[in-house]
Amino acid sequence: MPLDKVYDPHRVERRWYDEWLQRDLFRADPDDPRPAFSMVIPPPNITGSLHMGHALNNTLQDVLCRWKRMSGCNALWVPGTDHAGIATQNVVERQLQAEGTNRQALGREAFVDRVWRWRDSSGGTIIMQLKRLGVSCDWSRERFTMDEGLSRAVREVFVRLYEEGLIYRDRYLINWCPRCRTALSDLEVEHADTDGHLYHLRYPLADGSGAIEVATTRPETMLGDTAVAVHPEDARYCGLVGKTVRLPAIGREIPIVADDYVDREFGSGAVKITPAHDFNDFALGRRHGLPAISVMDEGAVMTAEAGPYAGLDRYEARKRLVADFERDGVLVRTEPHKLALGRCYRCQTPVEPYLSLQWFVKIAPLAEPAIAAVRDGRTRFVPAHWEKTYFSWMENIHDWCISRQLWWGHRIPAWYCDACSTTIVAREEPTTCSCGGTLRQDPDVLDTWFSSGLWPFSTLGWPEDTAALRRWYPTSVLVTGFDIIFFWVARMMMMGLKFMGDVPFREVYIHALVRDQHGQKMSKSKGNVVDPLVVMDTYGTDAFRFALVAFAAMGRDIKLAEDRIEGYRNFMNKIWNAARFVLMQLEDRPAEPVRPVEELTAQAYAGLGIADQWILARLADAGAAIDEALAQYRFNDAASRLYEFAWHEFCDWYIEMAKIAFAAGGDTAEATRRTLVGVLECLMRMLHPFAPFISEEIWQALPRAARGASIVTAPYPPARMPWAEDTGMVEARVGRVIGVVRAVRNIRAEMNLPPGRALDAALAVEDPAARRDLEIDQPMLHTLARIGGLRWLAPGESVRGAATALVDGVQVFVPLAGLVDVDEEIRRLTKEIGKVAGELAGVARKLDNPSFRERAPAEVVEEQEQKAATFASKKAALERSLRTLEEARAAGA
RNA sequence: GGUCGCAUAGCUCAGCUGGUUAGAGCGCCUGCCUCACAUGCAGGAGGUCCCUGGUUCGAGUCCAGGUGCGACCACCA
């Protein structure tokens with residue numbers, strides 16, 4: 001069955017993915033004794049749909065996983081999804097809103113039920129899309145952070161940390177989203193510079209002896225002021241410390257205190273202190289024993305404490321207050337001011353510092369071992385500079401607020417007794433309090449990241465002691481973006497070390513962010529989002545994956561250029577057509593199974609034709625380079641080497657050389673046929689981690705011994721081929737042929753010689769051995785360069801009135817008589833001589849420098865000397881030719 | 001305010017431990033529908049490697065400073 005002329009990815013992709021699943025090829029077995037390789041997927045949110053970040057992240061993981069699986073590892077890749085507390089709750093709440101209702105009306109149980117239903121119907125979208133990408137996860141181990149098993153792990157961790165005093169409950173100032181009506185961790189607040197105002201207010205001293213001026217960006221919080229602070233050494237105010245001021249609007253009397261937190265240079269040097277609405281003020285208030293008065297409620301509406309402003313929204317209260325103060329002369333002046341306004345990372349509502357009772361993880365004792373593990377190399381970041389980011393955060397880490405006032409998530413396993421105010425923290429729901437009172441469970445749920453922090457071991461069955469855990473923990477590598485180093489990587493480190501006694505992963509490969517072609521972050525609001533599914537539809541999954549891998553250079557953001565994806569689509573088509581060619585050579589002959597090229601003996605290799613030896617040598621070279629690049633996460637290097645080999649060595653040269661052998665027929669043709677199929681077969685295995693679909697499709701079309709096997713579990717070509725020990729001679733020999741062919745083609749094109757017509761040529765070869773080789777390899781010259789008559793000259797001999805070029809010690813002459821004007825060749829030659837002269841000058845400069853000869857290593861000096869000699873003789877030869885041309889012209893004229 | 005990253009061809013980018021003629025893709029120019037492929041083939045043009053110093057026999061590559069982008073962290077009202 002002949003293949004289509006153009007590769008059609010859609011015909012191929014779905015079919016093979018289903019086949020792989022059906023044959024269970026991605027399943028890993030803990031009893032499989034081969035070396036372990038394991039990864040856990042960064043679990044996408046169930047609310048998500050596949051974006052470029054996912055596509056890159058999972059493609060890189062799949063390349064590693066498929067490569068390791070083929071390379072003889074017991075490779076496990078655990079997939080799954082995250083329940084994504086706020087995000088998911090928001091989605092379902094929006095649905096309810098559209099239906100004209102809300103979660104309060106529904107009640108907690110019904111609401112949670114509703115979210116589960118949503119998850120069952122829509123939460124699998126992203127998994128379907130990942131499968132489309134071709135990822136080779138062990139789907140039998142797919143997990144969800146709210147699964148029974150993972151929930152058990154969450155409770156276990158909570159209880160153990162609580163029992164050790166590492167989880168505590170406290171009334172504290174936390175970040176609060178008034179729209180989501182929940183606490184947020186520090187990380188869940190996004191700061192952005194925002195234009196605002198600085199309001200200068202005059203607070204009168206209670207004793208009537210004057211006033212003190214304070215500045216604030218948030219005048220409405222003054223209703224909760226409980227002090228004014230000045231610097232202890234500020235001469236302007238030292239007499240006032242201990243006195244009191246009377247708050248405008250509500251008349252409360254508050255003290256003036258001294259604290260060196262105050263910056264004397266800023267504003268008036270006096271600060272209003274609002275412990276319940278500002279983090280600095282909260283700390284200062286604790287130092288000075290000041291009361292904290294909340295003037296806003298959980299919806300950021302002013303409370304009764306706000307007196308006349310009670311019931312107003314925070315911004316409305318500000319407007320009224322400013323107007324009133326302006327009228328009453330309290331407002332001294334207003335000036336524009338930039339501030340870093342914090343917003344909720346889920347809904348962008350400005351967050352509010354809010355005083356409330358929350359659960360916290362005492363983080364320092366957990367952070368310390370996590371820092372040590374990276375310092376001593378038990379976990380290694382790639383690229384290494386991310387360690388610095390990790391350290392700087394870990395070393396300045398604050399206690400982690402883990403309670404969320406949401407309904408969707410892991411309910412906090414704490415129960416309170418109505419009767420005796422006991423708190424019970426337990427793995428399973430307790431029935432009654434020891435005092436006989438009824439128990440109420442804490443209404444809050446845990447931060448989503450609490451459960452994702454357990455992911456590397458909870459997915460493997462912890463807290464059970466499972467075979468999977470013993471086999472695959474610690475995982476080999478975590479592949480993720482830098483945006484979640486703090487959210488996720490750091491937490492997994494802490495939890496893994498705490499509960500497994502070992503790091504969760506040996507290496508962390510941090511990849512870049514995908515941006516648009518102008519380097520802008522993709523976002524819906526900018527309208528520059530490129531949908532990976534559309535890209536896959538347009539160019540095919542393999543082309544898309546290959547493009548992502550080729551883009552994934554370390555330490556740089558990825559700008560997604562669509563024309564490059566198109567380029568890799570063309571590459572896939574090129575491979576497809578190379579396969580078509582190979583298969584055409586096999587038509588009408590007995591299906592001799594292809595023999596893996598790695599099984600060739602050195603003796604058999606030596607007996608092959610020169611072109612065959614050459615392509616095998618290049619294959620081995622590419623294989624070694626790809627293997628090394630992957631081992632170092634240099635994905636782009638691996639991809640470009642593969643591309644270079646497949647297109648510019650295998651297709652451009654070897655296939656063309658093979659045609660010559662086929663035209664000759666006989667045993668040579670048979671041997672070439674075997675090499676051709678062998679190299680293609682090997683190339684498909686080499687390609688498979690990058691482009692799983694096309695490689696399988698082609699591989700299956702080849703005549704193989706094990707017809708039933710899939711390329712998924714075929715052996716990856718070894719980094720060292722047994723026969724490729726000493727291929728230097730072969731490569732030089734074929735390299736010379738290629739050089740001569742290129743020189744002739746160049747002359748033909750530059751001189752505008754007719755492309756179809758065979759040209760006569762003459763060659764003067766310096767080295768006798770090289771000449772013997774070239775004479776044997778003559779058929780390649782004739783065909784590839786379209787040379788008709790070929791004459792062999794003695795070294796130094798030249799041809800009058802010919803275009804010439806010098807490559808690898810071979811001077812090529814193409815007689816021009818009657819073909820073109822000589823002037824054109826003189827121009828071309830002069831240019832070439834200029835180039836060589838420049839190179840020669842560069843080398844000569846080095847060699848003329850005495851300290852270069854003195855201090856550079858001997859082999860470098862020798863190398864330069866050889867180069868100088870080559871350039872010099874090349875220049876001389878070209879100049880000789882130039883002279884003969886000039887003579888010819890003079891004679892002609 | 002602190003930390004980090006990046007500046008190489010018209011565009012998007014490679015260039016690992018300092019030593020080939022600084023590379024690729026796209027775009028551009030010339031010529032080809034050559035029996036695997038026009039999603040192709042052959043050839044070509046195009047670069048003060050951001051600036052200034054320094055280290056070195058030798059710097060796109062290492063160091064310092066500068067300029068310009070970008071990112072992250074941060075409780076100065």
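Letters go in sequence order (proteins before strands), and every chain restarts at 1.
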In whole Å, I'd like the distance from the [atom1] atom of [X] to the [atom2] atom of [N].
X	N	atom1	atom2	result
Gln864(A)	G18(B)	CD	C1'	14 Å
Glu854(A)	G19(B)	CD	P	22 Å
Leu513(A)	C69(B)	CG	P	21 Å

Compare the minimum distances between each of A14(B), A77(B), U21(B) and the side chain of Asn636(A), then state the nucleotide with the smallest one.
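Shortest atom-to-atom distance from the side chain points to A14(B).
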Test Glu213(A) against every option in Arg236(A), Arg202(A), Arg333(A) by the salt bridge (Lys or Arg N to Asp or Glu O under 4.0 Å) rule and name the one that passes.
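With Glu213(A) as partner, Arg236(A), Arg202(A), Arg333(A) yield a single salt bridge (Lys or Arg N to Asp or Glu O under 4.0 Å), made by Arg333(A).
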Among all residues two or more places apart in sequence or in another chain, which pass the side chain to side chain contact (heavy atoms under 4.5 Å, CB included) test with Glu863(A)?
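For Glu863(A), no residue satisfies side chain to side chain contact (heavy atoms under 4.5 Å, CB included) once neighbours in sequence are set aside.
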Around atom [atom1] of [X], are there more than 12 heavy atoms from other residues, nucleotides or ligands closer than 6.0 Å?
X	atom1	value
His197(A)	NE2	no
Glu335(A)	CD	yes
Lys875(A)	NZ	no

Is a side-chain donor-acceptor pair under 3.5 Å present for Tyr172(A) with Asp399(A)?
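Per modelled atom types, Asp399(A) and Tyr172(A) side chains form no pair under 3.5 Å.
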Could you grab the distance from atom [atom1] of [X] to atom [atom2] of [Y], nearest 0.5 Å is fine?
X	Y	atom1	atom2	result
Phe487(A)	Thr480(A)	CZ	OG1	12.0 Å
Arg757(A)	Arg786(A)	CZ	CZ	12.5 Å
Arg745(A)	Leu753(A)	CZ	CG	14.5 Å
Lys659(A)	Leu784(A)	NZ	CG	10.0 Å

Between the protein and nucleotides 1-4 of chain B, list every N/O to N/O distance that falls short of 3.5 Å.
{"from": "C4(B)", "atom 1": "OP1", "to": "Lys388(A)", "atom 2": "NZ", "distance (Å)": "2.6"}

Could you run down nucleotides 30-45 of chain B 5' to 3' and tag each one B, S or - for protein heavy-atom contact under 4.0 Å?
-S--B-BBSBSSSSSS
Treat a base pair as Watson-Crick or G-U wobble with both distances under 3.5 Å, then lay out RNA chain B in dot-bracket form, 5' to 3', with | for cross-strand pairs.
(((((((..((((.....[...)))).(((((.......))))).....(((((..]....))))))))))))....
Could you walk me through whether Ser185(A) and Glu188(A) satisfy the side chain to side chain donor-acceptor pair (under 3.5 Å) test, starting with their C-alpha distance in whole Å, then the side-chain angles of each, then the deciding distance to 0.1 Å, before giving a yes or no?
CA-CA 5 Å; Ser185(A) 71; Glu188(A) 289 168 312; 3.3 Å; yes
Give each protein N/O atom lying under 3.5 Å from an N/O atom of nucleotides 57-60 of chain B, with the pair distance.
{"from": "C57(B)", "atom 1": "OP1", "to": "Arg855(A)", "atom 2": "NE", "distance (Å)": "2.3"}
{"from": "C57(B)", "atom 1": "OP1", "to": "Arg855(A)", "atom 2": "NH1", "distance (Å)": "2.8"}
{"from": "C57(B)", "atom 1": "OP1", "to": "Arg855(A)", "atom 2": "NH2", "distance (Å)": "2.9"}
{"from": "C57(B)", "atom 1": "O4'", "to": "Ser851(A)", "atom 2": "O", "distance (Å)": "3.3"}
{"from": "C57(B)", "atom 1": "O2'", "to": "Asn849(A)", "atom 2": "ND2", "distance (Å)": "2.9"}

Pair Trp386(A) + Phe381(A): ring centers closer than 6.0 Å
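That pair fails the under 6.0 Å test.
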Once ring-ring contact (aromatic ring centres under 6.0 Å, His included) is applied, do any residues pair with Tyr261(A), and if so which ones, sequence neighbours excluded?
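With neighbours one apart ignored, the set is empty.
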